[in-house]
Amino acid sequence: MSIKVPFNKPYLAGNELQHIESAIKSGKISGNGKFTFLCHRFFEDRYNFKKCFLTSSCTDALEMAALLLEISPGDEVIMPAFTFVSTANAFVLRGAKIIFCDSRIDHPGMDESKLKQLITERTKAIVVVHYAGVACNMDSIMKLANHYNLFVVEDAAHSIDSYYINSAGKKVALGSIGHLSTFSFHETKNIISGEGGMLVVNDERFKKRAEIIWEKGTNRSAFFRGEVDKYNWVDVGSSFLPSEVTAAFLWGQLENLDRIQNRRLELWNKYYNCLSEISECGDFKLPIIPKYATNNAHIFYFVCSTPKKRSKIIAKLKANGILAVFHYISLHTSPYYKSKGNDNLDLKNSQIYTDRLLRLPLFYELEPGIIDQISNLINETV
Ligand SMILES: *Cc1c(COP(=O)(O)O)cnc(C)c1O
């Protein structure tokens with residue numbers, strides 16, 4: 001059976017190609033031009049991010065974060081084991097020892113109640129991942145970090161247009177809370193530019209240096225603003241900024257962000273409603289959005305009662321041309337982590353999500369009728 005319903009399909013929202021043409025005609029297609037500026041301003045205004053830097057990927061933004069925090073050999077960085085490899089790699093590249101935290105029992109995000117026992121004198125940072133765009137319990141994490149003088153990085157790769165509701169009842173955008181945050185515009189995310197990402201600097205102390213690291217370790221940006229009379233090699237850095245072609249595409253998406261988000265939420269809610277009744281059989285559990293979080297419809301997932309059940313559903317859908325997938329393989333069980341002579345960790349909840357979480361197709365152009373069909377097929381397996 002060939003695939004009729006892919007897991008993901010990149011969506012062209014409107015003016016992406018016109019913006020790319022306009023960038024090319026303007027005679028400037030290297031980075032940090034008009035479209036980069038438009039994207040930065042959009043994010044800073046809408047989400048109260050202090051300073052934004054588009055990057056070529058979220059992976060790049062995480063590497064910038066590790067450079068800015070001056071992570072060096074011997075430093076420990078705490079993060080969930082249930083995440084994408086880049087969350088860890090960026091810090092491993094700087095020589096950090098990664099300390100994995102388990103997921104919550106009710107959500108794949110990190111269990112904040114298990115954080116304190118992982119902090120040592122060598123701990124430098126906590127990296128949180130808002131899985132499926134659903135906030136971690138940020139008040140308690142920030143409080144702990146402040147108490148131990150640790151930096152917090154939000155890996156907000158899933159988290160565009162999603163919020164944390166703080167203890168005062170105020171909605172604050174994910175990505176605006178940590179000292180640094182990173183976003184992804186990879187084609188599998190809600191808002192895309194093929195490959196693409198962004199570093200958000202919320203802590204003023206990092207602003208100036210972030211710009212230099214972004215521009216290959218030079219003060220080129222200050223030079224173009226006329227603040228220095230020549231530009232020089234002033235620090236370490238790399239080529240982290242994307243071209244204007246990428247930024248122009250991204251701008252075409254951002255212009256349509258509300259429409260994209262509304263559509264995804266509509267599809268997400270339809271899945272939830274269709275599957276609610278079936279889930280009562282106990283074969284799988286639907287996702288939970290805690291009171292302090294909002295839903296940005298990045299991922300529709302559920303947790304099956306057994307790995308076998310998951311395989312059965314995947315096979316059933318596949319036999320009908322529908323692709324459902326799972327992720328992540330918890331990093332504490334990865335060949336790379338094990339090859340480094342780390343102790344065997346027993347992270348029960350991360351393991352549950354590794355073995356039993358299933359993601360269903362979710363993209364702008366998904367027909368609502370397909371969701372009925374998927375639900376019926378799942379119903380036939382229970
Ligand atoms: C997608 C993703 C990344 C990496 O994003 P890229 O833009 O592909 O580098 C990092 N962390 C998480 C949690 C992700 O889902």
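Keep in mind it's a predicted model, so treat the numbers as computed, not measured. Counting starts at 1 for both ligands and their atoms, following the listed order.
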**Asked** Starting from atom 3 (C) of ligand 1, which protein heavy atom do you reach first, and at what distance in Å?
**Response** Phe84 CD2, 3.6 Å
**Item:** Within-cut-off N or O pair, Asp155 and ligand 1, under 3.5 Å
**Value:** yes
**Prompt:** Do Asp75 and Lys124 meet the salt-bridge criterion of a basic N to acidic O distance under 4.0 Å?
**Reply:** yes
**Message:** Check for me whether Tyr328 has a heavy atom closer than 4.0 Å to any atom of ligand 1.
**Reply:** yes
**Asked** Under 4.0 Å from any heavy atom of Cys58, which atoms of ligand 1 are there?
**Response** 4 (C), 5 (O), 6 (P), 7 (O), 9 (O), 10 (C)
**Prompt:** Which bit of Ser57 is near ligand 1, meaning a heavy atom under 4.0 Å away: side chain, backbone, both or neither?
**Reply:** both
**Request:** Would you check if the side chain of His179 reaches a backbone N or O of Val152 as a donor-acceptor pair within less than 3.5 Å?
**Result:** yes
**Prompt:** Tyr47 and Asp161: side chain to side chain donor-acceptor pair (under 3.5 Å), yes or no, with the steps?
**Reply:** CA-CA 8 Å; Tyr47 298 117; Asp161 206 46; 2.7 Å; yes
**Asked** For ligand 1, does Thr59 get within less than 4.0 Å through its side chain, its backbone, both, or neither, judged by non-hydrogen atoms?
**Response** both
**Request:** Establish, for the pair Lys9 and Tyr11, whether the NZ or CZ atom is under 6.0 angstrom from the six-membered ring centre and no further than 45 degrees off its axis.
**Result:** no
**Asked** Can Gly196 be said to touch ligand 1, with heavy atoms closer than 4.0 Å?
**Response** yes
**Prompt:** Taking the six-membered ring of Phe326 as reference, does the NZ or CZ atom of Arg310 fall below 6.0 Å from its centre and within a 45° cone about the axis?
**Reply:** yes
**Request:** Would you kindly say whether Gln261 and Asn190 are connected by a side-chain donor-acceptor distance under 3.5 Å?
**Result:** yes
**Prompt:** Judging by distance only, is a nitrogen or oxygen of His158 under 3.5 angstrom from one on ligand 1?
**Reply:** yes
**Request:** If you have a sec, work out which protein heavy atom is nearest atom 12 (C) of ligand 1 and how many Å separate them, to one decimal?
**Result:** Ala157 CB, 3.4 Å
**Message:** Could you identify the single nearest non-hydrogen protein atom to atom 2 (C) of ligand 1 and state the distance to 0.1 Å?
**Reply:** Lys189 NZ, 3.0 Å
**Asked** Under 3.5 Å, is there a donor-acceptor pair between the side chain of Tyr271 and the main chain of Tyr301?
**Response** no
**Prompt:** Is there at least one pair of N or O atoms, one from Leu62 and one from ligand 1, spaced under 3.5 Å apart?
**Reply:** no
**Item:** Quiz item: cation-pi between Arg263 and Tyr364, 6.0 Å / 45°
**Value:** yes
